[in-house]
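Have a look at the structure below before the remarks.
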Amino acid sequence: MQLIFEKCRQRRAITFDAIDVPEAVLPAELCRASLAELPELSEIDVVRHFTHLSQRNVGVDCHFYPLGSCTMKYNPKLAEAVAAYPGFSWLHPHLASLPAYHAKCQGALEVVYELERLLAEIAGMKAACIKPMAGAHGELTGVLLIAAYHRDKGHAHKDTILVPDSAHGTNPASAAIAGYKVVEVPSNSDGLTDLDKLRAAMNDNVAGIMLTCPNTHGLFETNIAEIARMAHEVDALLYYDGANLNAIVGQCRPGDLGFDVMHYNLHKTFGTPHGMGGPGSGPVGVSERLLPYLPGPRVVKRDGHFSLETPEKSIGRMTAFFGNFLIALRAYAYILHLGDAGLRDVGRMAVLNANYVLARLKDAYKPAFPATVMHECLFTASPQAEKGVHAIDIAKALIDRGYHAPTIYFPLTVKECLMIEPTETESKETLDAFCDAMIEIARLVDEDPESLRAAPRSTPVGRLDEVKAAKELNCARLSPHLA
Ligand SMILES: *Cc1c(COP(=O)(O)O)cnc(C)c1O
């Protein structure tokens, strides 16, 4: 044992530089008499451990990742290179807080200013603010802006936000956290917001309505002009959940459609990483009437010089500094790199790819809605479920075939839902291979359902009890090297 330990101690994966400052003399009682009994690892042990772990991880750099509603598209490496420039990555955020240092961070302030200007232009809004740290945080910011607007106008009675039942769960959550009563508006059988039900729910107490377009059924809400008219008639504001903006970017603009306030998901539309729950970025965009309430401080430009100002009636900071600045920088690089024509292609290709998958799979799986789709296509696995193979079995079988599973069982409006979002960055070859795998699985529902229920068999751990897995993490099993 002692021998093994001695050998472990000779391994090193790190070499420290020689000391170039005078050695401090520590009091004798603080010093060890013998070395700490810590096992050590050589560089190759460490490299193998982490490389091995990274290969067990599923990510967009190694797998097609058609996770509906999440837009798991490729994140160009160009943006990573820009975000790594030391001039940005080594900047201390407090430089921006101290006017005396503004001369030292003009470049970073210009990035904030220019990105906000571009985002506003892309969505047809008057201004944008990059501070919110995620889509949901942008929603909260947007609803607080709506609240500030009504408070300013003395609309104390406006206590309700309307949210369609096809919305992402973050919409009602954000409205509730901002203190509003949430009233759900049902969808009609075409998967769109039911106009009659919306009319019935609309009254003078409504402060705003949150709409997603295309919605989480993958469908374009065709009645936005009418919904905007109904909302504005009672001075309710129209909120645009911009998580699916990649489907319409460069084609039409939420501001032109009548929306008053919105959020963007830079990690969905503008090619920045999701990174397992963060860091994200959810800037807000506003029309003219919400300008005075924007979070501050804001970057302003005077005589070619950038400085900070807080709008007079600002709702507050919402976050430290400028949110996830290096994520915003990646989005800025992405937008400049693609340019006008490139951004238009994003919208076109996202829609083309989703409809291609729909066309190839519609005989093997039942589409949830009859219409052509925007950025994602939804199927119901109800016919398969009647034969004992559920959406979750199909998802697990895909993992064995080298694909991340699509979103399943969401939105709740579709039974046994399979929600597939190919995104614009995938080639026809990748989509064909994925569709072939889906079609093979549909065939196995009849020929060998047991093999689907036993999937996945190729992963380090097989089928998990999903509830137990979340509540009783067993790290040793996931990583034998750590055990
Ligand atoms: C992803 C998503 C959100 C929330 O965005 P996060 O950045 O994950 O907080 C909101 N609405 C829709 C429609 C989404 O797809």
Side-chain angles (χ1 to χ4, degrees), residues 60 65-73 75 119 123 129-144 161-178 182 184-185 187 191-193 208-221 224 238-249 254 259 261-285 318-319 323-324 327-328 330-331 350 354 373-378 406-414 417 419-424:
V60 80
Y65 208 131
L67 197 66
S69 198
C70 288
T71 315
M72 302 298 282
K73 70 191 198 184
N75 312 140
L119 289 174
C129 167
I130 66 157
K131 284 174 172 248
M133 304 276 236
H137 196 207
E139 290 171 25
L140 177 63
T141 306
V143 177
L144 290 175
I161 298 267
L162 304 183
V163 183
D165 63 358
S166 66
H168 197 273
T170 48
N171 285 194
S174 301
I177 288 176
V182 177
E184 189 176 276
V185 183
S187 306
L192 301 178
T193 303
I209 161 163
M210 300 178 84
L211 215 61
T212 310
C213 185
N215 63 22
T216 57
H217 294 149
L219 305 174
F220 194 90
E221 288 282 354
I224 292 173
L238 196 57
Y239 184 98
Y240 177 68
D241 178 331
N244 302 331
L245 187 70
N246 70 320
I248 60 167
V249 65
F259 287 95
V261 49
M262 66 174 288
H263 80 264
Y264 312 73
N265 297 60
L266 298 190
H267 47 289
K268 292 180 183 175
T269 306
F270 296 101
T272 68
H274 282 236
M276 299 303 283
S281 182
V284 287
M318 287 312 289
T319 180
N324 284 320
I327 293 293
R330 285 171 172 85
V373 295
M374 297 294 288
H375 62 302
E376 61 196 0
C377 52
L378 278 63
T407 298
I408 51 175
Y409 301 112
F410 176 83
L412 305 176
T413 41
V414 176
C417 189
M419 184 195 219
I420 301 171
E421 181 176 10
T423 83
E424 70 277 10

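Start at 1 and go down the list; that is how both ligands and their atoms are numbered.
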Mutual orientation of the aromatic rings belonging to His168 and Phe410 [parallel < 30°, tilted 30-60°, perpendicular > 60°]: perpendicular
Give me the ring orientation class for His267 and His274: parallel if the planes are under 30° apart, tilted from 30 to 60°, perpendicular past 60°. perpendicular
Residues two or more places apart in sequence or in another chain: which of them pass salt bridge (charged side-chain N to carboxylate O under 4.0 Å, His left out) with Lys268? none
For Glu221, all residues meeting salt bridge (charged side-chain N to carboxylate O under 4.0 Å, His left out), sequence neighbours excluded: none
Report every pair formed by an N or O atom of ligand 1 and a protein N or O atom separated by less than 3.5 Å, giving atom names and the distance to 0.1 Å.
| from | atom 1 | to | atom 2 | distance (Å) |
| --- | --- | --- | --- | --- |
| ligand 1 | 5 (O) | Asn265 | ND2 | 3.0 |
| ligand 1 | 7 (O) | Gly135 | N | 2.7 |
| ligand 1 | 7 (O) | Asn265 | ND2 | 3.1 |
| ligand 1 | 7 (O) | His267 | NE2 | 2.6 |
| ligand 1 | 9 (O) | Gly135 | N | 3.3 |
| ligand 1 | 9 (O) | Ala136 | N | 2.8 |
| ligand 1 | 11 (N) | Asp241 | OD1 | 3.3 |
| ligand 1 | 11 (N) | Asp241 | OD2 | 2.6 |
| ligand 1 | 15 (O) | Ser69 | O | 2.7 |
| ligand 1 | 15 (O) | Ser69 | OG | 3.0 |
| ligand 1 | 15 (O) | Lys268 | NZ | 2.8 |

Side chains of Glu421 and Ser69, donor plus acceptor under 3.5 Å: no
For Pro164, the side chain to side chain contact (heavy atoms under 4.5 Å, CB included) test, sequence neighbours excluded, returns Ser166, Thr193, Leu211
